[in-house]
Amino acid sequence: MKVAIINADRHNPANDRLHMAFAESLGFQFSQYYNMPMPVKTVILDAQEASTGLSDGSYDMVAVIGADIPSILLKSDFQRFKAVPTTGNSKQVVCLLVQKDDKTLSAIL
């Protein structure tokens with residue numbers, strides 16, 4: 001699975017660890033769901049590249065770290081899922097976007 005990550009907090013030294021932990025956790029959950037290894041490969045992109053890649057199928061999912069989804073990703077052909085930590089901290093939000101017609105991935109999320 002290919003996941004594009006958009007992280008507005010680019011200067012945070014913990015970003016690499018955050019992105020790696022996110023990919024490992026997501027890969028583990030998908031592997032459990034499918035009962036087979038499901039590696040997740042991530043790439044850090046800007047919003048334009050991520051939108052294009054999600055639209056043309058280059059990426060299966062886009063993860064936006066932070067509460068603000070770039071306007072280019074607010075297309076009606078993308079399904080959006082919002083994950084908020086149990087602490088309720090609205091600054092530590094992750095939004096996951098998939099193609100609206102990808103019913104399998106939407107159902108899993």
Side-chain angles (χ1 to χ4, degrees):
M1 172 173 285
K2 294 180 184 175
V3 179
I5 296 179
I6 299 172
N7 190 341
D9 188 13
R10 295 180 184 181
H11 303 293
N12 186 337
N15 279 344
D16 289 340
R17 291 189 312 271
L18 171 68
H19 300 158
M20 187 182 317
F22 175 76
E24 288 176 10
S25 176
L26 191 63
F28 175 79
Q29 292 302 319
F30 279 114
S31 295
Q32 294 297 306
Y33 184 84
Y34 285 109
N35 292 321
M36 61 184 285
M38 184 68 66
V40 172
K41 180 181 179 184
T42 60
V43 63
I44 312 305
L45 298 175
D46 66 27
Q48 175 64 50
E49 291 172 308
S51 176
T52 301
L54 187 56
S55 293
D56 70 16
S58 298
Y59 298 103
D60 302 298
M61 180 187 315
V62 172
V64 179
I65 298 175
D68 297 320
I69 299 175
S71 60
I72 194 160
L73 291 169
L74 296 175
K75 295 180 178 181
S76 62
D77 54 338
F78 296 158
Q79 178 76 29
R80 294 182 297 277
F81 300 91
K82 186 176 186 178
V84 180
T86 56
T87 62
N89 184 342
S90 63
K91 293 183 180 182
Q92 295 179 335
V93 173
V94 175
C95 294
L96 303 175
L97 295 92
V98 297
Q99 281 280 356
K100 196 170 250 182
D101 61 355
D102 189 340
K103 301 298 183 197
T104 303
L105 195 49
S106 292
I108 293 170
L109 295 173

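Note that the coordinates shown come from a computational prediction; the quantities given were computed from them, not determined experimentally.
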Donor on one side chain, acceptor on other, Thr52 and Gln48, under 3.5 Å: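 The criterion, which ignores hydrogens and geometry beyond distance, is satisfied for Gln48 and Thr52.
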Interatomic distance, [X] atom [atom1] to [Y] atom [atom2] [nearest 0.5 angstrom]:
{"X": "Asp102", "Y": "Asp77", "atom1": "CG", "atom2": "CG", "result": "12.5 Å"}
{"X": "Leu105", "Y": "Met1", "atom1": "CG", "atom2": "CE", "result": "4.5 Å"}
{"X": "Arg80", "Y": "Leu74", "atom1": "CZ", "atom2": "CG", "result": "5.0 Å"}
{"X": "Ile69", "Y": "Ile72", "atom1": "CD1", "atom2": "CD1", "result": "13.5 Å"}
{"X": "Asp60", "Y": "Leu96", "atom1": "CG", "atom2": "CG", "result": "12.5 Å"}

Within 6.0 Å of CG in Asp68, more than 12 heavy atoms from elsewhere: no
More than 12 heavy atoms from other groups under 6.0 Å of NZ on Lys82: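 Count not over threshold, so no.
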Side-chain heavy atoms of [X] within contact of [Y], under 4.5 Å:
{"X": "Asn15", "Y": "Ile65", "answer": "no"}
{"X": "Leu45", "Y": "Tyr59", "answer": "yes"}
{"X": "Val43", "Y": "Glu49", "answer": "no"}
{"X": "Leu54", "Y": "Lys75", "answer": "no"}
{"X": "Val98", "Y": "Phe81", "answer": "yes"}
{"X": "Phe78", "Y": "Lys100", "answer": "no"}

Which atom names give the shortest non-hydrogen contact between [X] and [Y], and what distance separates them?
{"X": "Ser58", "Y": "Lys2", "value": "O-CD, 3.4 Å"}
{"X": "Gly66", "Y": "Cys95", "value": "O-SG, 4.4 Å"}
{"X": "Ile6", "Y": "Leu73", "value": "CD1-CD1, 3.3 Å"}

[X], [Y]: one ILVMFWY side-chain cluster at the under-4.5 Å cut-off?
{"X": "Val94", "Y": "Leu97", "answer": "no"}
{"X": "Leu26", "Y": "Met36", "answer": "yes"}
{"X": "Val3", "Y": "Tyr33", "answer": "yes"}
{"X": "Ile44", "Y": "Val64", "answer": "no"}

Verdict with reasoning, Val40 to Met61, per side chain to side chain contact (heavy atoms under 4.5 Å, CB included): CA-CA 10 Å; Val40 172; Met61 180 187 315; over 6 Å; no
Side-chain (Ser51) to main-chain (Ala47) donor-acceptor, under 3.5 angstrom: no
